[in-house]
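Everything on this sheet refers to the single structure shown next.
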Amino acid sequence: MKKDRRGVLICGAYGHGNIGDDAILEAIMRQMREIEPDMPVWALSRAPGETRERLGIGAVHPFNVFGFLRVMRKAKIYLSGGGSLIQDATSRRSLWYYLTSIKLAKKCGCLVAMYGCGIGPVLREGGRRRTRRILNKYVDVITLREDSSLDELKQLGVDGPEIILASDPALSLPSAPEEEVTAVMQAHGMDPNGRYICFALRDWKGFSEKAAVFAAAADRAYEKHGFTPVFIAINHRSDGDAADAVTSMLTAPFHAIREPLTSGLAIGIMSRMAVVVAMRLHGLIFAAGRGVPLIGVDYDPKVTAFLRYAGHEMYAPLQTVDEAVLNDYIARAAEQGGSKELEENTRRLARLGRRNVEAVRKLYFSAPCQAPRQPDFRRIAIFQSDLRVGGIQKSLVNILSGIDYSRCAVDLYLFERGRFFEFQEHPNLRVRYLKPYPYVNRIVYFRLLRKLMKPPGGGQVYDVAVDFNSYRNECAIGALGVAAKKRVMWIHNDIELKLRNERRYRILWHFFKKKLPLYDEFCAVSPGIIDGFRRASGVTDKPVTAIPNPINTEEILIKAGEPADFPVQPDPGHYNLCTVGRICHQKGFDILIDRLARVVPERPDLRLYLLGDGPDREKLQKQIERLKLGKVVTLLGYRANPFPYLRLMDGFALTSRYEGQGIVIWEAKSLGLELFIDKHLEKYNPGVEGVDDMVKALIAAKKREKVYDALKDYNESIRNDLFRVLELNQSP
């Protein structure tokens, strides 16, 4: 592949006057510029001049063969999508065209991505064979807008490309400014603060027989709920006839917007609606993206597929929809407005949509020549013992997920292969496994060990080398042994308290403490452990930066939606409390159980669920039995995904004897749980309020509405400090 290839060529059903299709193109263009602000972007459009003027990108007519072949030889990625391009229900010729263009793009040297796609139906056997062959042979990655498309790919036998379940790109589009939306509504005689029901209809086979059904439902919505009907043409060239067929039968007043709208204006107007009834898929997508209650009328499988995936249950086939069904759905939708469930569906779809752009980002920078173009490109080595269960491991995974790999390459050195935690892979993130040191090397003086052991790295020169473990000697040998301009150690615990409480750690400290002055800088996971580190280590002349553990709230919300397999299902009539961690002396679960024994006589409705395992589990179980708390406390053991369990809880408690920082506190906070944290843990978690008397606080605990916290300011502050330490803050 030529080193000067840049940019993307986007192929789809663009330039036909359909707001929905053009919204997809606008969304993709915005997301590509997010990957690289000055990225060259071209599109295949039936109205290339209009597309160039509207979006400020290059445009070529789909049948200008010489024109799009010329662009294919320049672009790095050929991006097919979004929309339902791979189907033959409407036309065999369109399927042939899109598959042939994918093959041509690959032969012209492009990487090929299918983006936010709907797949199918592909009905004809010849089309299915051709689809399977071309997608498996010529496509690098496919992102899908809903799960039924994933099923269709499986049935087609497509398994060659990487396949990622995401959502429709148009869900990411913003509304037009409020004043512009208000102006358009007023221009059509609408009160910007009025109560409206929107209809986004299209003329389709069988629609004329159902026009009276829509008219009757619109009249009923006005009479019963006070919703004035509004008709929007998603395709201004063809949807007006459907609206006219319905409005000619109305007795209620109505408004009709027939002229072409920008996607931002269409989204803004729909966000003002109390309910949306739509046949047009992107009418539903625009409403779903703003959390508006919606009702789908299915003229094509893609409508039902989207609604199911988006968590909306009110839809009916065009062939069978009747007045009673629509009236019932409208009444139910009228009660949904502003519900937490709608808000959560909206956030979930937005999070899934990020998978589209991240997949193309990964592909775009997959060629080694691309990323180092930037003068501030950094090479970073991180040494960690493993990615098994633990707070250190989870912290590292969250950091890896937040790094901008367009500006750096990271070599992650691990000494054990088993993984509990996974992370989003990237071509500029390489995992390298090293042979673990014999256990006896932990009780060899570090300076002697350093002379005896050969450092890893193979001569690679790094800008920054990180010892993320802080007490395993092999990680220190790596971080201090590779060629690096700066060496950083992460501190995860209150070392003063750890030395006071753990005999084993005191022994290890004796042998490795001399390595500490060899580092250039230190990162502590909370400001509360910095002074203790300086006193214990004697290192007073090196910078120590407090960088709390980042919390991936988007991932938490996605994972929280998965099912939770409880051995004892939480009772909604109880106050359900949870705690998470390794069952060991440090975590102080014995303290929590003792307190619970004092709480339960006053609060027999309280239940505690403990997620975790460890060396003190048997001892803790005996304590539970001795205090007769067997029906109150449930030990759930380790769970690879704890968030579905946290989601079902009312409160979260932590009684650790000491911490570096409690990651799980912030994870619980992000899910809106009430926090019961010992007062002495405040210093490790600035921004979290502890309680002086946990027994009293638990007795007084009441169920309350949980509010999701995205921790935006918290994570942004961490990101800035982290990037400074890793020297990634220079402008590209």
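The analysis underlying the following values was restricted to heavy atoms, covering all of them including side chains, and did not include hydrogens, waters or symmetry mates.
Counting heavy atoms from C-beta outward, Leu201 and Asp239 have side chains that stay 4.5 Å or more apart. Side-chain contact between Ile10 and Tyr115: absent, with no pair of heavy atoms (C-beta onward) separated by less than 4.5 Å. Two residues are said to be in side-chain contact when any heavy atoms from C-beta on lie closer than 4.5 Å; Pro169 and Gln31 meet this criterion. When side chains are defined from C-beta on, Arg280 counts as touching Asn18, because their heavy atoms get closer than 4.5 Å. Taking 4.5 Å as the limit, some side-chain heavy atom of Met314 sits within range of a side-chain heavy atom of Gln336.
We find that Glu358 and Arg361 are joined by a salt bridge, their nearest charged nitrogen and carboxylate oxygen being less than 4.0 Å apart. Salt bridge Arg430/Asp411: present, at least one basic N to carboxylate O contact under 4.0 Å. The pair Asp147-Arg308 does not count as a salt bridge, with every side-chain nitrogen at least 4.0 angstrom from each carboxylate oxygen. No salt bridge links Glu323 with Arg220; every basic N to acidic carboxylate O contact stays at or beyond 4.0 Å.
If you check the side chains of Thr131 and Arg124, you find no donor sitting under 3.5 Å from an acceptor.
Within 6.0 Å of the CZ atom in Arg70, the count of heavy atoms belonging to other residues, nucleotides or ligands does not exceed 12. Annotation for Arg92: atom CZ does not count as buried by contact number, only 12 or fewer foreign heavy atoms lying within 6.0 Å. A 6.0 Å sphere centred on CZ of Phe66 holds no more than 12 heavy atoms belonging to other residues, nucleotides or ligands. In the displayed structure, Glu53 atom CD is contacted under 6.0 Å by at most 12 heavy atoms of other residues, nucleotides or ligands. Annotation for Arg93: atom CZ does not count as buried by contact number, only 12 or fewer foreign heavy atoms lying within 6.0 Å.
The ring pair (Phe, Tyr, Trp, His ring centres under 6.0 Å) pairs that include a residue from residues 259-303 are Trp204-Tyr299, where partners are two or more places apart or lie in different chains.
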- Task: Decide salt bridge (charged side-chain N to carboxylate O under 4.0 Å, His left out) for Glu34 and Arg354; before the verdict, give the C-alpha distance in whole Å, the side-chain angles of both, and the deciding distance to 0.1 Å.
- Result: CA-CA 11 Å; Glu34 183 183 324; Arg354 294 299 307 163; 2.4 Å; yes
- Task: Check the pair Ser167 / Tyr309 against side-chain hydrogen bond (donor to acceptor under 3.5 Å, both in side chains), numbers first and verdict last.
- Result: CA-CA 9 Å; Ser167 64; Tyr309 185 61; over 6 Å; no
- Message: Set out, in order, the CA-CA distance, both residues' side-chain angles and the distance that settles side chain to side chain contact (heavy atoms under 4.5 Å, CB included) for Leu99 and Leu135, then state yes or no.
- Response: CA-CA 8 Å; Leu99 291 175; Leu135 268 54; 3.5 Å; yes
- For side chain to side chain contact (heavy atoms under 4.5 Å, CB included), just list the numbers for Ile134 and Tyr98, CA-CA rounded to whole Å, side-chain angles, deciding distance to a tenth of an Å, and then say yes or no. CA-CA 10 Å; Ile134 287 182; Tyr98 292 124; over 6 Å; no
- Task: Take Leu9 and Cys110 through the test side chain to side chain contact (heavy atoms under 4.5 Å, CB included) and record every step on the way to the result.
- Result: CA-CA 9 Å; Leu9 171 59; Cys110 292; over 6 Å; no
- Query: Please walk me through it: do Arg130 and Thr100 pass side-chain hydrogen bond (donor to acceptor under 3.5 Å, both in side chains)?
  - Reply: CA-CA 10 Å; Arg130 183 174 175 81; Thr100 301; 3.0 Å; yes
- Message: Using the rule given for salt bridge (charged side-chain N to carboxylate O under 4.0 Å, His left out), can you reason through Arg128 versus Asp88, listing the C-alpha separation, both sets of side-chain angles and the distance that settles it, and then say yes or no?
- Response: CA-CA 9 Å; Arg128 294 177 72 83; Asp88 62 3; over 6 Å; no
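Using cut-offs of 30° and 60° for the angle between ring planes, the Phe199 and Phe231 rings count as parallel.
By the side-chain hydrogen bond (donor to acceptor under 3.5 Å, both in side chains) test, Glu50 pairs with no residue at all, sequence neighbours left out.
Shown are Arg145, Glu152, Glu146; of these, the side-chain hydrogen bond (donor to acceptor under 3.5 Å, both in side chains) with Ser148 is made only by Glu146.
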For residues 255-272, which side-chain donor-acceptor pairs fall under 3.5 Å, sequence neighbours excluded?
from	atom 1	to	atom 2	distance (Å)
His255	ND1	His188	O	3.1
Arg258	NE	Asp244	OD1	3.3
Arg258	NH2	Asp244	OD1	2.2
Glu259	OE1	His188	NE2	3.2
Glu259	OE2	His188	NE2	2.8
Thr262	OG1	Leu265	N	3.1
Ser263	OG	Glu26	OE1	2.7
Ser271	OG	Gly268	O	2.6
Arg272	NE	Glu178	OE1	3.3
Arg272	NH2	Glu178	O	3.3
Arg272	NH2	Glu178	OE1	2.7
Arg272	NH2	Thr182	OG1	3.0

